[in-house]
Every structure is written in structure tokens, then in C-alpha cells.
Amino acid sequence: MTGLVLVIFAQMIFGMFAGLGMLCLVTITVAPIAYRNRAARNGWQIVTANVMWSLGVRRGQNLYRSGIAGPVPYGKHTLPGLLAPSKAYEAVDAAGHPFALIHIPATRHVAVVLACEPEGSQLVDQDTTDLWVALYGRFLAELAVEPGLEAAAVTVETANDPGTRLSTEIGLLRRPGAPSFAAAVLDEIAQTYALGAAAVQGRIALVYGTTRRTLDERPRGRSRRRRADSSRSRLREPAEMATQIGNRLPEILRRLSATGVGGVRAMTVTDVAETMRIAYDPAIATQVEGVKARGDASGTTWDNAGPVAVAEDWEYLRHDSGASITWQMVEAPRGAIQSQVLAPLLEPGREFLRKRVTLIYRPHSPSEAARVADGDVRTMVGQATARKGEARATDSLELQAARQSAAEEAAGAGMTRFALLVTATVAAPADLARAVDAIEEAAGASRVVLRRCYGAQSASFAASLGVGVVLNKHVAVPDAIRAYL
């Protein structure tokens with residue numbers, strides 16, 4: 001509408017040719033916004049991404065080096081990319097258990113990472129599975145009223161089990177003077193049972209904002225000094241966040257333990273650092289697992305959990321002893337979604353060294369949920385009225401789904417935005433083709449439409465780690481503006 005007004009004014013003031021020129025300029029500006037690709041990105045977003053990628057490569061921003069040969073101070077191996085300015089603090093919750101607090105100052109976020117052992121669906125009846133799904137849904141709904149929580153990430157990571165823990169356990173079972181037959185059986189178990197087995201790890205990251213919702217309770221005077229003091233108090237320090245989160249953490253762990261995730265505990269700084277170390281250098285996994293199985297410390301710290309070298313390509317990421325590709329979900333499964341819909345995507349495979357599937361949740365507040373649900377119903381009704389005789393077969397189903405969501409929200413259900421990231425890691429770039437075929441086949445079986453994160457492999461890799469990286473908070477254009485594009 002603004003473009004048409006400009007065209008009319010240009011024609012009235014400067015003549016026909018000026019009006020035609022203005023019309024061409026408006027068309028060039030507006031036409032890319034009308035175009036959408038499979039990922040729902042418009043033309044200007046695609047052009048901007050390609051231009052910024054070219055500028056970044058020209059400046060060498062796609063390369064990272066650490067250690068004694070890199071520019072990182074003191075020869076440290078810090079984490080690259082979005083996790084570079086992050087810091088880790090050790091805190092203690094209300095039950096006296098230690099937990100790691102990951103501080104990402106760029107987005108004013110802190111994250112606490114929980115480790116769990118998913119029980120799986122084998123030998124579990126359907127009634128128990130339905131109960132787990134219902135309790136997990138209630139847990140997600142309660143995230144909307146969790147004070148200060150902005151996002152949550154659930155990561156399921158699978159890898160080939162090297163058998164280190166099994167051999168260590170067998171070594172503990174051995175006794176001097178045991179019968180030779182029993183010793184032979186244990187030796188055979190250690191040699192054969194680990195072959196083809198998979199290690200499954202689960203992580204849940206809760207991301208909190210450090211910005212206060214209201215100003216400090218201290219009286220605000222008109223003097224410049226008092227206004228400055230009040231502005232500083234808008235951000236909570238990590239120590240204050242550790243106290244607040246630690247007081248609520250035992251209750252969160254109790255609610256999570258009932259959702260089928262198995263034993264759940266808060267990860268320490270060493271645990272999270274070892275996870276980052278293995279993600280960027282998968283060849284070190286056997287050594288780290290062996291040290292942990294013996295009960296020794298691996299010596300990994302947060303300042304040395306990063307890789308030695310990272311090279312980001314347009315299509316994949318090369319890091320230390322591995323190469324990875326990350327996909328994003330552009331279309332969720334349609335139709336009825338059962339509890340096993342993501343099972344093909346979560347299953348381990350021999351094509352990968354490691355595979356991560358990360359679900360990122362951003363819950364709406366109760367007031368936002370009501371507004372979004374009502375807006376969806378109005379939109380669907382408006383579209384159905386506008387089409388009239390040209391209504392599609394899916395219009396009635398979409399309108400029915402929107403009305404059902406509004407009714408469930410009014411009954412107390414939560415509304416959450418979600419995204420899905422899939423990362424496959426192999427030993428060398430030559431093995432990526434097999435990994436791509438396996439992931440795309442599994443995505444088709446799960447009815448999920450995936451799209452590779454071209455030009456953003458490093459950032460997507462960091463987000464899939466599940467340690468508190470929320471990608472929408474790192475973009476240059478705010479959410480309020482991107483919502484209209």
C-alpha cells in the first residue's frame with residue numbers, strides 16, 4: 001500500500017516516467033518479500049544470508065584455530081562461535097547437589113543442563129507410554145509459568161558403544177580363583193556383547209533470562225546517580241541466578257523423573273565440558289569413557305573443552321577428528337502424531353560416529369498463548385471466507401485444529417513454539433554422503449521435512465549441543481520485525 005501511494009505521488013508531481021520508475025523500484029523491493037522457499041524464508045533473507053556468508057569467508061570468520069598455534073590467549077582451547085564468550089560456574093541446589101550454570105552473556109541467558117537415561121519403549125505397555133506422554137505434556141505446559149524460563153532444549157545423542165563401561169564392570173566382577181568356565185564366559189561377553197551396541201544419552205537444557213521483569217524495588221530518584229544504579233540492577237548476576245535456579249531445581253527433577261526419562265540429575269561443569277569435548281573431537285570419546293569408568297578425572301575444563309581447529313563450509317562443518325552436517329525441521333509431521341513418530345529418526349546407525357536430535361521449546365506465556373490461539377482461529381475463518389467456492393480440502397481440518405487448540409488453551413493447556421535440529425557426525429567428509437542418505441530416509445519415515453542449514457553449520461551445530469544456545473536471540477533483526485517479513 002505504501003508503494004502504491006509513492007507511485008501515485010511520483011506521477012502527480014514529476015510525471016508519468018517518474019511514476020513508472022517508482023513502480024519499478026517498488027516492485028524490485030516488494031517482489032522478493034512475496035517469494036518463499038521451503039524453509040519459509042523470503043527472497044531478501046536468502047540474498048542477505050548469501051552476502052553475509054561471502055563477507056564472512058572473505059574475512060576468515062569461517063575458520064577457527066586454538067592452542068599454541070592459534071590466536072586464543074594463553075594457548076587455551078576455548079569453544080568456538082556462539083559459545084566463545086560463554087562461562088561455566090559450579091553451583092549447589094537446595095538439596096546440596098552440585099550443578100553447572102552456563103552463562104551466555106551475548107543473549108543474557110544462563111542454562112542448567114540435566115542428564116537423563118531414557119528408558120525406551122521396549123517391554124513397556126501402551127498404557128505406561130500414554131501416561132509418560134501425558135506427564136511430559138504437562139511438564140511442557142508448566143514451563144510457561146516457570147519464572148524467568150525462556151527456552152528448553154531436549155537432546156537425544158546416540159553413538160556406537162565402545163564397550164568400555166561393560167569391560168570395566170566385568171573387571172569388577174572377576175575374583176581370584178574363579179572357575180575357568182566362568183572366566184571364559186565373562187571374556188566372551190566382553191568381546192561380543194559390545195559389538196553393534198549403541199550408547200544413548202539424553203540431555204535437557206533449561207535456559208533462563210537474566211533480565212529482571214521489573215525494575216529494582218529501591219526508590220528511584222531523579223538524580224543521575226540513582227538512575228544509573230537502577231539501570232545496573234536490571235541484569236541479575238550469575239550468583240543470584242544460581243541461587244534462584246538451585247531453589248527450584250529439586251522440584252524440576254522430581255517432575256521430570258515421572259515422564260519416562262529414567263534417572264535424571266544435574267550435570268556438573270566437568271560433565272558438560274566433557275560432552276563438548278567429545279562433540280567437537282569424537283575420536284576422544286573412548287579415552288574419556290575409559291577414564292570415567294576407572295573413576296579417574298579426565299582433566300577437561302570449560303576453558304579447554306573446545307576443538308583445536310574448525311573449518312565451516314557452506315554445506316558441512318569440519319572439526320578436529322570429525323565432520324558434521326546439521327539439518328533443521330521446516331515442516332512437522334502432519335496428521336495424528338503418535339508417541340513413536342520420531343523413533344526412526346532417533347534410532348542409532350552404523351553410518352555415524354555420533355548423532356544428535358534436539359528439540360528446542362520456547363513456551364508462550366499464558367496471556368500470549370490466549371492471544372495466539374484466538375488469532376489462529378480468526379485467520380483460518382478469514383481464509384475460509386475469502387476463498388468461498390475455492391476452498392481446499394485441508395481448510396476445514398485446519399480450522400478444526402485451530403478451534404481445538406483454542407479450546408484446549410482455554411481449558412488450561414500450554415502453547416509452545418518448537419523446532420528440531422538433527423546433527424550427524426562422521427569421521428571424514430568422504431563419509432558424509434552415507435550419513436545424508438541415512439538421515440533423509442529416517443526423516444521420511446518420521447514424516448518430518450528436514451532442510452540442511454546451508455551457510456549456518458557452525459551456529460546450528462552449537463544450538464544442537466543443548467547447552468543453552470537459542471538461535472533466535474543471536475540474529476540481528478529482532479523478533480518483532482521478523483514477524484512482519
Side-chain angles (χ1 to χ4, degrees), residues 64 66-67 72 75-80 83 86 88 90 98-100 102 111-118 155-172 190-191 193-205 262-310 317-324 348-350 352-358 423-428 431 461-462 464-468:
Y64 172 80
S66 64
V72 179
K76 295 181 179 179
H77 300 282
T78 58
L79 293 170
L83 289 171
S86 63
E90 196 80 35
F99 69 93
I102 311 301
V112 54
V113 185
L114 312 178
C116 59
E117 300 175 358
T155 303
V156 178
E157 185 169 3
T158 58
N160 298 324
D161 193 348
T164 306
R165 290 179 294 180
L166 178 61
S167 60
T168 302
E169 184 67 21
I170 291 177
L172 296 176
Q191 295 174 3
Y193 275 38
L195 297 178
V200 181
Q201 301 175 353
R203 294 191 299 275
I204 302 171
V264 58
R265 62 176 179 85
M267 299 179 68
T268 63
V269 174
T270 302
D271 294 336
V272 182
E274 290 173 349
T275 302
M276 299 297 101
R277 179 79 168 88
I278 294 174
Y280 281 100
D281 190 6
I284 205 70
T286 303
Q287 179 180 344
V288 173
E289 291 292 339
V291 172
K292 293 172 62 178
R294 294 193 302 268
D296 299 332
S298 63
T300 305
T301 63
W302 188 257
D303 291 335
N304 288 290
V308 175
V310 173
L317 184 70
R318 190 76 168 96
H319 49 90
D320 279 8
S321 61
S324 299
R350 305 296 298 179
F352 323 103
L353 288 180
R354 309 190 78 83
K355 181 177 69 172
R356 285 189 305 276
V357 178
T358 301
T423 299
T425 300
V426 296
D431 302 328
F461 184 92
S464 70
L465 292 174
V467 291

For [X], which residues count as a side chain to side chain contact (heavy atoms under 4.5 Å, CB included) partner, sequence neighbours excluded?
X: D271; answer: R265, M267, T268, E274
X: A88; answer: I102, V269, W302
X: T78; answer: Y64, V72, K76

For [X] against [Y], the heavy-atom pair lying closest together:
X: A273; Y: A305; value: O-CB, 3.5 Å
X: G468; Y: A205; value: N-CB, 4.3 Å
X: A323; Y: A428; value: CB-C, 4.1 Å
X: P282; Y: T425; value: CG-CG2, 4.0 Å

Could you tell me how the ring of H319 sits relative to the ring of F461: parallel (under 30°), tilted (30 to 60°) or perpendicular (over 60°)? tilted

Does T423 offer a backbone N or O that forms a donor-acceptor pair with the side chain of S464 under 3.5 Å? no

Rounded distance [0.5 Å steps], [atom1] in [X] versus [atom2] in [Y]:
X: N304; Y: M276; atom1: CG; atom2: CE; result: 15.0 Å
X: I278; Y: T300; atom1: CD1; atom2: OG1; result: 8.0 Å
X: D303; Y: S66; atom1: CG; atom2: OG; result: 12.0 Å

List the residues meeting salt bridge (Lys or Arg N to Asp or Glu O under 4.0 Å) with [X], not counting sequence neighbours, and say none if there are none.
X: D281; value: R277
X: E157; value: R203, R354, R356
X: D320; value: none

Testing T155, T358, L83, L79 one by one against L465 for a side-chain contact (heavy atoms from CB on, under 4.5 Å), which residue passes? L83

From the list V112, L114, V113, V272, side-chain contact (heavy atoms from CB on, under 4.5 Å) partner of F99 resolves to V112

CD of E117: more than 12 outside heavy atoms within 6.0 angstrom? no

